[in-house]
Amino acid sequence: MRAGSIADSYASTARGSPENADVFEGTPGIETQVATPLDKASLQDLKDTELENVAAPEAPKRSFFYYILIVTLCFPVSLGGFLPGWDSGITSGFINMENFRENFGSYSHTTGQYYLSNVRMGLLVAIFSVGCALGGILLAKLGDIFGRRLAIIMVVVIYVVGAIIQISATGKWYQYFIGKIIYGLGCGGCSVLCPMLLSEIAPKDLRGALVSMYQLMVTLGIFLGYCAGYSTRNYKDTAQWRVPLGLCFAWAIIICIGMLLIPESPRYLAENGRIEEARRAIARLSRVPVEHEFVESEIDQIVQGIEIQKANGEASWGELFSTKSKILQRLITGCLVQSFLQLTGENYFFFYGTTIFKSVGLTDGFETSVIIGTVNLFSTIVAVFVVDKLGRRMCLMSGAGGMLVCMVVFASVGVTRLYPNGQDAPSSKGAGNCMIVFTMFYIFFFATTWAPVAYIVVAESFPSRVKSKGMAISTAFNWLWQFLIGFFTPFITDAINFYYGYVFVGCLVAMFLYVFFFLPETSGLSLEDIHVLYEEGIPPWKSASWIPPSERFNHMEVQKNDDIESKRWNPFHKK
């Protein structure tokens with residue numbers, strides 16, 4: 001007998017016979033919440049079901065080959081993160097390239113050189129983020145209409161169109177500007193659809209690691225983008241910036257081919273009545289026969305969750321702002337986590353890395369950007385292996401604390417020690433080296449915690465009926481703040497220089513407090529169990545020990561009362 005069947009049978013006992021009610025606190029669908037012991041007949045029935053075997057079957061044992069397979073299947077999906085990462089990497093180099101400034105900048109009669117004004121530089125760097133925000137909101141629905149795989153192919157095609165417009169621009173900054181927006185539309189669609197598909201095809205105990213691959217590809221894109229800029233910086237013609245832009249076609253082709261080889265999301269298939277296809281997808285992802293009990297258990301859980309959601313009718317945008325089922329709470333969490341991701345100050349370094357480190361006395365800012373990209377990449381690799389072990393809350397709080405210390409040192413040294421004789425005099429080499437070191441520590445803390453976990457939290461928080469809408473709005477806040485920081489940073493740094501770092505210090509304090517008081521732990525839970533966690537209103541600081549309904553029969557404790565045994569569980573105790 002399944003766990004759900006047992007819960008249903010004892011729910012009816014509790015409703016029909018109060019004196020024989022059992023305690024199944026926290027189990028959805030059971031109306032009686034007050035504990036009374038079972039009588040001996042009911043207890044015998046409970047024993048006959050072999051309580052230890054009624055919980056959902058455990059995942060099949062996995063071989064090393066299985067891990068290689070699942071990573072291979074998820075690789076082309078995660079490569080969607082490479083696209084915005086690549087743009088960040090090459091753009092930070094473009095704004096310092098002579099030929100790029102000649103084509104899209106203004107001529108100074110005073111210096112006899114071309115330059116990018118703060119407004120134009122801010123627009124050329126940050127307008128990409130506006131395109132991404134619009135793309136996430138407008139194109140995420142394609143995943144519900146055409147399926148996750150086909151939708152990803154469609155947004156990648158939009159990305160390629162934007163790249164073609166940019167490459168063909170010569171001397172017209174507004175053409176490059178328009179291409180950048182369209183380019184961003186495709187990347188924004190990928191930023192919603194790719195983590196969504198990863199979260200829906202990943203096993204629950206590997207979901208954090210596999211969704212982290214999206215961020216790993218972002219960092220790989222940044223690193224290789226820096227390398228591309230470093231390699232072409234000495235060209236004298238448009239190859240300086242056209243070659244890095246042209247390479248984006250390679251990544252697009254790999255993603256499109258990969259979408260033809262991986263299974264569709266089982267949840268999307270089940271929502272559209274394609275149950276047998278969903279079974280085959282689960283079996284393929286789990287490397288077991290279609291008839292395996294684990295496949296049946298997974299499909300039952302998915303279908304049950306879908307039926308409950310369908311009973312509430314067609315999802316609308318307005319439902320996101322309803323307090324029913326705690327959807328509004330999850331939307332606020334998603335928007336704040338994605339906003340905080342940018343308010344860490346990471347793009348202060350990534351977008352303007354070459355500019356910042358020239359100001360601390362390094363003659364070749366391109367080399368420094370490559371170093372930043374290397375630290376970022378290898379730190380994210382660490383995150384893939386630890387994010388499921390440490391949990392979401394521990395990663396985010398420790399990351400905020402580490403970045404806070406690094407940013408305080410970076411800003412304080414920049415303000416008090418970098419220019420001991422004024423900004424017109426040479427900078428202090430020792431102070432500059434100190435700032436570089438703490439920048440690297442900052443990148444490490446960011447890349448191992450907030451960079452991947454922010455996407456994981458958003459990808460796994462929303463129920464499937466509103467998932468595309470919730471993820472689209474949440475991710476739009478990421479791109480909105482990225483635009484604001486990218487556009488206004490040149491003006492702010494001109495006005496207050498390294499005092500800007502103290503703005504991010506305040507944000508990091510707020511991030512730590514928000515995670516502690518408002519963000520529940522979701523590591524190791526299925527997407528359906530996460531929905532129950534939110535509905536039960538578990539305090540976030542207790543959520544790490546919360547037991548989902550599918551496991552509660554394994555955690556029941558035997559109690560005796562006047563020679564009558566009863567089975568209870570403690571919902572906050574895990575073996």
Side-chain angles (χ1 to χ4, degrees), residues 62 64 66-68 70-72 74-75 77-82 84-86 88-89 194-195 198-199 202-227 337-338 340-342 344-347 349-350 353 368-407 409-410 436-460 508 511-512 515 519 521-524 544:
R62 295 164 181 161
F64 178 74
Y66 171 81
Y67 290 102
I68 296 296
I70 195 70
V71 169
T72 302
C74 290
F75 173 75
V77 187
S78 63
L79 202 60
F82 192 95
W86 177 258
S88 294
C194 292
L198 287 169
S199 71
K204 64 182 181 182
D205 57 320
L206 296 176
R207 189 173 60 245
L210 294 176
V211 177
S212 294
M213 286 179 59
Y214 176 86
Q215 179 61 28
L216 178 61
M217 290 299 107
V218 173
T219 62
L220 181 61
I222 293 172
F223 170 70
L224 293 182
Y226 284 156
C227 292
V337 167
Q338 287 288 307
F340 284 146
L341 178 60
Q342 294 301 322
T344 58
E346 47 103 8
N347 274 326
F349 296 109
F350 290 136
T368 307
S369 293
V370 172
I371 295 171
I372 291 177
T374 303
V375 174
N376 189 33
L377 173 62
F378 284 97
S379 298
T380 308
I381 294 174
V382 174
V384 171
F385 292 98
V386 304
V387 67
D388 283 315
K389 291 181 172 60
L390 295 180
R392 316 313 187 222
R393 284 170 54 83
M394 180 60 70
C395 282
L396 294 177
M397 287 191 293
S398 61
M403 285 186 286
L404 174 63
V405 173
C406 294
M407 188 63 81
V409 175
F410 177 88
I436 294 294
V437 169
F438 276 91
T439 295
M440 299 310 161
F441 280 122
Y442 168 92
I443 297 296
F444 171 80
F445 283 115
F446 171 77
T448 53
T449 57
W450 276 85
V453 177
Y455 284 100
I456 297 171
V457 169
V458 171
E460 64 188 12
L508 288 162
M511 291 157 57
F512 182 94
V515 171
L519 184 70
E521 180 57 66
T522 53
S523 178

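Summarising the geometry, atom CG belonging to Leu390 is positioned 13.5 Å from atom CZ belonging to Phe385; distances are rounded to the nearest 0.5 Å. For the atom pair CD1 (Ile371) and CE (Met440), the distance works out to 5.5 Å, reported to the nearest 0.5 Å. Considering CG of Leu79 and CE of Met213, their distance stands at 9.0 Å, rounded to 0.5 Å. Residue Cys395 holds its SG atom at 7.5 Å from CD1 of Ile456, rounded to the nearest 0.5 Å. Rounding to the nearest 0.5 angstrom, the gap separating the CZ atom in Arg207 from the OG atom in Ser523 is 8.0 Å. The line from CG of Leu216 to CZ of Phe75 is 9.0 Å long, rounded to the nearest 0.5 Å.
Applying the salt bridge (Lys or Arg N to Asp or Glu O under 4.0 Å) definition to pairs two or more places apart or across chains, none involves residues 441-450. Here side chain to side chain donor-acceptor pair (under 3.5 Å) pairs that include residues 210-221, with residues two or more places apart or in two chains, number zero. Among residue pairs with one or both ends in residues 390-405, those qualifying as salt bridge (Lys or Arg N to Asp or Glu O under 4.0 Å) are Asp388-Arg392, Arg392-Glu460; sequence neighbours excluded.
The minimum heavy-atom distance between Thr344 and Tyr442, with the atom names listed, is O-OH, 2.7 Å. Of all the heavy atoms in Trp450 and Val337, the pair that sits closest is CZ3-O, 3.8 Å. In terms of heavy-atom proximity, Tyr455 sits nearest to Ala451 at CD1-O, 3.5 Å. Across all non-hydrogen atoms, the minimal contact from Ala383 to Pro452 is CB-CG, 3.8 Å. Nearest heavy atoms, Met394 versus Glu521: N-OE1, 4.5 Å. For the pair Cys74 and Leu210, the tightest heavy-atom approach, listed with the atom from each and the gap, is SG-CD1, 4.0 Å.
When the side-chain hydrogen bond (donor to acceptor under 3.5 Å, both in side chains) test is applied to Gln342, the partners found at least two apart in sequence or on another chain are Glu346, Asn347, Asn478, Gln482. Judged as a side chain to side chain contact (heavy atoms under 4.5 Å, CB included), and not counting sequence neighbours, the contacts of Val437 are Phe441. With sequence neighbours left out, Leu519 forms a side chain to side chain contact (heavy atoms under 4.5 Å, CB included) with Thr333, Leu396, Val457, Val515. Tyr66 is linked by a side chain to side chain contact (heavy atoms under 4.5 Å, CB included) to Arg62, Ser63, Ile70, Pro203, Leu206, Arg287, counting only residues two or more places apart in sequence or in another chain. Under the rule for a ring pair (Phe, Tyr, Trp, His ring centres under 6.0 Å), Phe223 has no partner lying at least two apart in sequence or in another chain. Not counting sequence neighbours, the partners of Ser199 by the side-chain hydrogen bond (donor to acceptor under 3.5 Å, both in side chains) test are Lys467. Every residue two or more places apart in sequence or in another chain was checked for a ring pair (Phe, Tyr, Trp, His ring centres under 6.0 Å) with Phe340, and none qualifies.
Distance alone, capped at 3.5 Å, places no donor-acceptor pair between the Ser379 side chain and the Asn376 backbone.
By the neighbour-count criterion of 12 heavy atoms within 6.0 Å, atom OH of Tyr67 is densely surrounded, having more than that number from other residues, nucleotides or ligands.
Contact annotation: the side chain of Tyr226 never approaches that of Thr374 to less than 4.5 Å [non-hydrogen atoms, C-beta and beyond].
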Verdict with supporting geometry, Val386 and Thr448, side-chain contact (heavy atoms from CB on, under 4.5 Å): CA-CA 8 Å; Val386 304; Thr448 53; 5.6 Å; no
